[in-house]
Amino acid sequence: MDRVNRMDRLELRTLRYFAAVAEELHFGRAAVRLHMSQPPLSRAIRALEADLGATLFHRTSAGVTLTGAGAVLLDEARALLDRAARVPARVAAASGAATLTVGILGDSTDPDVVRLADAYRRHHPHVEVTVRETDLTDPTCGLHAGLVDVALTRGPFDPTGLATRALRADPVGALLRADDPLAGRASLTPAELADRRWFRFPEGTDPLWQAYWNGGEPRPGPVVRTVRECQQVVLWNGTVGMTLADHVPADGLTVVPLTGLPPSPVVVAWPRTDPNPRPPPPCSCTHQTPLGSATRHRRPRPA
């Protein structure tokens, strides 16, 4: 009964703490991501384990790994956090407000995010915007699942049911350990890395997306979900990863330009069957994107 009562008090904040540690696989990095110090984060996870009556992480001096129970909780936590993230937009829509849910892939510091956000805010200051940042397992950022109205992401991915517009394309490179025998090369081709293990995304990830970030074909290697995990598996395993050619790598890593692969396109994507289209704003930043037309307009807000 005590455990049931404690679980009644389980907070979304605690699940966010847990998800951050589970995705970073390191308490220190998770604390930085959460903008908090490490001791209270560690205490919160210990308390969660006590409440659940289960060990969620294997802890070693090198970091942490998920236990079987932890893997189950991570799936459940992601589902609950996704559902909670949709609540403000659904309530706003029910109240008559204009809403927009924007999906962003991985890193919201992308310059196009800043440019589009500034332009959209100037033209639609009263629209309630919700942002959903996703990991690398879903390049549509929730579009196919109906979780967002528009996504700022990268291709290629399955475009079924979606419209896309390219904003730019970025050259890519091989992410290697700094002491890798190939780290000093001026450039590399995928063929020169064919016998190496690459990081890969979980089973069920969009095959076009998976193949592109594996140098054009499926390859064996450790499974990753986030940019941080990509960096860490290269650092720890000496595997090959792909990243943007101008990416500033973490300590111990380097990027060598890859030739023979198309650049990575940055795209805006939205559903082709958007039920509430309207002309986008006449702005140099947004007239080429669906951000205006994806806005959901309902009845006027009650006075």
Side-chain angles (χ1 to χ4, degrees), residues 18-30 32-33 45 55-78 105-107 133-139 141 153-154 156-157 172-183 185 188-245 247-258 261 264:
F18 165 76
V21 177
E23 290 170 355
E24 298 291 343
L25 294 177
H26 192 283
F27 277 88
R29 292 193 297 269
V32 171
R33 169 175 158 180
I45 298 301
T55 300
L56 302 174
F57 296 101
H58 295 300
R59 296 163 172 84
T60 69
S61 59
V64 297
T65 57
L66 282 170
T67 64
V72 170
L73 181 59
L74 180 57
D75 286 342
E76 297 293 339
R78 282 172 168 157
L105 182 71
D107 186 0
E133 187 169 283
T134 64
D135 61 26
L136 301 176
T137 64
D138 180 12
C141 303
T153 182
R154 288 186 177 274
F157 52 80
V172 293
L175 182 67
L176 305 170
R177 282 183 56 92
D179 59 2
D180 191 285
L182 299 176
R185 293 281 298 275
L188 290 167
T189 66
E192 292 176 290
L193 300 166
D195 61 343
R196 300 283 295 272
R197 286 167 57 82
W198 292 51
F199 62 60
R200 59 189 176 89
F201 302 130
E203 185 176 351
T205 300
D206 185 297
L208 293 176
W209 174 255
Q210 174 75 82
Y212 178 81
W213 292 103
N214 270 174
E217 61 183 73
R219 304 176 194 269
V223 174
V224 298
R225 290 177 174 272
T226 67
V227 172
R228 183 83 68 173
E229 289 179 9
C230 295
Q231 296 172 344
Q232 289 299 310
V233 297
V234 174
L235 186 63
W236 285 89
N237 298 304
T239 51
V240 175
M242 261 180 60
T243 187
L244 303 181
H247 172 73
V248 179
D251 290 345
L253 300 174
T254 192
V255 178
V256 178
L258 272 174
L261 284 176
S264 169

Is it true that a side-chain atom of T205 and a backbone atom of Q210 form a donor plus acceptor pair closer than 3.5 Å? no
Are the side chains of P257 and L188 in contact, using a 4.5 Å heavy-atom criterion? no
Would you say E76 and R78 make side-chain contact, with heavy atoms under 4.5 Å? no
About how many Å separate CD of E23 and NE2 of H26, when rounded to the nearest 0.5 Å? 15.5 Å
Please examine the side chains of L73 and L56, heavy atoms only from C-beta on, and report whether any two atoms are closer than 4.5 Å. yes
Within this structure, what is the OG1-NE2 distance for the pair T254 and H247, rounded to the nearest 0.5 Å? 10.5 Å
Is any side-chain heavy atom of R154 closer than 4.5 Å to one of L105? yes
Hey, does R185 have a side-chain heavy atom less than 4.5 Å from the side chain of E192? yes
Can you name the closest pair of heavy atoms from A22 and L74 and give their distance? CB-CD1, 3.8 Å
So if I apply the side chain to side chain contact (heavy atoms under 4.5 Å, CB included) rule between L258 and each of L175, T189, T243, L193, which one comes out positive? L193
Return each pair, listed once, that meets salt bridge (charged side-chain N to carboxylate O under 4.0 Å, His left out) where at least one residue sits in residues 57-68; pairs must be two or more places apart or across chains. E49-R59
For the residue pair V255 and L176, establish whether any side-chain heavy-atom pair is separated by less than 4.5 Å. no
Taking atom CG of L25 and atom CH2 of W236, what is their separation to the nearest 0.5 Å? 11.0 Å
If you look at every heavy atom in A183 and A178, which pair is closest and at what distance? CB-O, 3.5 Å
Can you classify the ring geometry of F18 versus F57 as parallel (below 30°), tilted (30 to 60°) or perpendicular (above 60°)? tilted
Is there a side-chain contact between S264 and W213 (heavy atoms, below 4.5 Å)? yes
Salt-bridged, D180 to R196, with N to O below 4.0 Å? yes
Criterion side-chain contact (heavy atoms from CB on, under 4.5 Å) on V240 and R197, from CA distance to verdict: CA-CA 6 Å; V240 175; R197 286 167 57 82; over 6 Å; no
Is it the case that over 12 heavy atoms from other parts of the model lie below 6.0 angstrom from the CG atom of D75? yes
Do Y212 and M242 make a side-chain contact, defined as non-hydrogen atoms from C-beta onward lying under 4.5 Å apart? yes
Distance col, row R225:CZ vs T134:OG1, nearest 0.5 angstrom, shows 11.5 Å
Passing option when F199 is tested against V224, V223, L136 for side chain to side chain contact (heavy atoms under 4.5 Å, CB included): V224
d(D179 CG, L253 CG) to nearest 0.5 Å is 9.5 Å
Under the side-chain hydrogen bond (donor to acceptor under 3.5 Å, both in side chains) rule, what do D135 and T137 come out as? Steps first, then yes or no, please. CA-CA 6 Å; D135 61 26; T137 64; 2.5 Å; yes
Where G215 and P190 come nearest, the two heavy atoms and their spacing: O-CB, 3.7 Å
How far does CG of L208 sit from CZ of F157, to the nearest 0.5 angstrom? 10.0 Å
Test side chain to side chain contact (heavy atoms under 4.5 Å, CB included), reference Q231, set V227, V234, L235, output is V227
State plainly whether the residues E229 and R29 are in salt-bridge range, i.e. N to O under 4.0 Å. no
